[in-house]
There are 2 protein chains.
Amino acid sequence: MKQETQNNDCSKADLMAVKDALEVLNGRWKLQILIALLNGTKRFKQIAREIDGISDRMLSKELKDLEENQLVVRKVYDAFPPIVEYSTTKHAETLSTVIYALREWGYLHRKKIIGK
Amino acid sequence: MKQETQNNDCSKADLMAVKDALEVLNGRWKLQILIALLNGTKRFKQIAREIDGISDRMLSKELKDLEENQLVVRKVYDAFPPIVEYSTTKHAETLSTVIYALREWGYLHRKKIIGK
DNA sequence: CTGGATCCTCAGGGATACTG
DNA sequence: CAGTATCCCTGAGGATCCAG
């Protein structure tokens, strides 16, 4: 077996970038929330209903995280009952590439493993 | 605000696919390991040295997971000291799209948030 | 060297109740 | 409705020791 000395030439900074991305999208909720919101502006309960199994507490926390990372925008209307709308930023739209890739691979993998 | 009734038309099965993908790639090690192995066949310690912060226990477990998902292949040479080589499968190569997307977005996000 | 076995810690995340 | 506060538990992941 030949040992190439430069076989990881393309993955020093790249690995960092991937790690950065994963750090922002970590947990099992962030991407689901973003997908929901990329489909259009929604209210808190609306998101909660759409994402199966998420608790209010988690949704609240995740939305705050995403807001800090400038991926979602929170807009409060002064009304009763309270109305708060969430939507994605331009920056979040750049994630669609990632989402598409994951979606395609998800299909592929399911076919490979389960539907073999 | 107008409410579209079909604003989530494109994300029922798609969401499932994304969730499937995330389930296979969960944790912070799987993708790093795959990236390392996509760069070439490697031995256990070699991977461990390449991935910063991973413990032997984790690496062992993650490799087993990846093997079960048919993403890596384990090859044992009967020798002393023991030699075990890991490499990626064809199926793992289809992940490169995902990895590229994550890498690109990682760079983009870093520029957006940190280097603004 | 390649890991399995064990023990431990801590953060992710669930359930419930409560406020404005 | 839109959350916050609290309590609790599970499981990811680290450290260490040990065997083939």
Side-chain angles (χ1 to χ4, degrees), chain A residues 1 3 15 18-19 21-37 40-69 71-88, chain B residues 1 3 15 18-19 21-37 40-69 71-88:
Chain A
M1 187 182 71
Q3 289 282 356
L15 192 63
V18 174
K19 283 169 68 175
L22 290 178
E23 209 162 306
V24 177
L25 306 174
N26 68 10
R28 51 192 218 268
W29 302 123
K30 302 251 168 55
L31 273 175
Q32 290 189 67
I33 294 172
L34 285 170
I35 291 173
L37 289 181
T41 296
K42 293 192 174 67
R43 297 177 58 178
F44 189 88
K45 273 295 173 195
Q46 210 173 347
I47 306 171
R49 257 179 272 115
E50 219 164 282
I51 299 180
D52 198 51
I54 195 169
S55 62
D56 284 357
R57 180 181 169 304
M58 268 301 119
L59 182 52
S60 172
K61 194 166 71 69
E62 300 292 70
L63 281 170
K64 209 174 289 178
D65 277 9
L66 293 171
E67 208 186 340
E68 278 171 15
N69 278 313
L71 292 169
V72 313
V73 169
R74 181 188 142 107
K75 188 170 184 184
V76 183
Y77 294 89
D78 193 4
F80 193 87
I83 295 179
V84 183
E85 284 185 351
Y86 294 91
S87 52
T88 53
Chain B
M1 187 183 70
Q3 289 281 357
L15 192 62
V18 174
K19 282 167 69 175
L22 290 178
E23 209 162 304
V24 177
L25 307 173
N26 68 13
R28 53 190 216 268
W29 301 122
K30 302 251 170 55
L31 274 176
Q32 291 189 65
I33 294 172
L34 285 170
I35 291 173
L37 289 182
T41 296
K42 293 191 175 66
R43 297 178 58 178
F44 190 88
K45 270 297 172 195
Q46 210 173 348
I47 307 171
R49 258 179 271 115
E50 219 164 282
I51 299 180
D52 198 51
I54 196 169
S55 63
D56 285 357
R57 185 173 106 62
M58 268 301 118
L59 181 53
S60 171
K61 195 166 70 72
E62 300 292 70
L63 282 170
K64 208 175 289 177
D65 278 9
L66 293 172
E67 208 186 339
E68 277 171 14
N69 279 313
L71 291 168
V72 313
V73 170
R74 181 188 141 107
K75 188 170 183 184
V76 183
Y77 294 89
D78 194 2
F80 194 86
I83 295 178
V84 183
E85 285 184 351
Y86 293 91
S87 52
T88 53

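Throughout, protein chains are lettered first and strands after them, A, B, ... in sequence-line order, and every chain is numbered starting at 1.
- Screening A:R43, A:E67, A:Q46, A:R74 for a side-chain hydrogen bond (donor to acceptor under 3.5 Å, both in side chains) with A:Y86, the sole residue that qualifies is A:R74.
- Atom CG of A:L59 and atom P of C:dG12 are 16 Å apart (whole Å).
- Rounded to an integer number of Å, the gap from A:K30 NZ to C:dG13 P is 7 Å.
- From B:E50, atom CD reaches atom CD1 of B:I35 across 10.5 Å, with rounding to the nearest 0.5 Å.
- Across D:dA2, D:dG14, C:dT2, the shortest atom-to-atom separation from the side chain of B:M58 is found for D:dG14.
- Closest non-hydrogen pair, A:D56 versus A:F44, comes out as O-CZ, 3.7 Å.
- Comparing D:dT6, D:dG14, C:dG3 against the side chain of B:R74 picks out C:dG3 as the nearest.
- A straight line from CG of B:L22 to C1' of D:dA12 spans 16 Å, rounded to a whole angstrom.
- As a whole-Å value, the separation of A:I51 CD1 from C:dG13 C1' is 14 Å.
- Set against C:dG14, C:dC1, D:dG13, the side chain of A:W29 has C:dG14 as its closest nucleotide.
- Residue contacts for A:R57: at a heavy-atom cut-off of 4.0 Å it reaches a base atom on one of the strands shown.
- Looking at the side chain of A:R49, the nearest of the listed nucleotides D:dC1, C:dC1, D:dA2 is D:dC1.
- When rounded to the nearest whole Å, the span between CG of B:L63 and C1' of C:dG3 equals 10 Å.
- A 4.5 Å side-chain heavy-atom check between A:L71 and A:D65 finds every atom pair outside the cut-off.
- Dashed line: the shortest gap from a side-chain N or O of B:S55 to OP1 or OP2 of D:dG14 is under 4.0 Å.
- For D:dG3, neither phosphate oxygen OP1 nor OP2 lies less than 4.0 angstrom from any side-chain nitrogen or oxygen of A:K61.
- The nucleotide whose nearest atom lies closest to any side-chain atom of B:P82 is, among C:dC1, C:dG3, C:dG13, C:dC1.
- Here the closest non-hydrogen pair linking B:T41 and B:S87 is OG1-CB, 3.2 Å.
- A:Y86 comes within 4.0 angstrom of the backbone, heavy atoms only, and of no base.
- Atom CZ in A:R28 sits about 11 Å away from atom C1' in D:dT10, given to the nearest Å.
- Considering only side-chain N and O atoms, B:R43 lies under 4.0 angstrom from the phosphate OP1 or OP2 of C:dT2.
- When rounded to the nearest whole Å, the span between CG of A:D56 and P of D:dC1 equals 10 Å.
- One can place CD1 of B:I54 at 14 Å from P of D:dA12, the figure rounded to the nearest angstrom.
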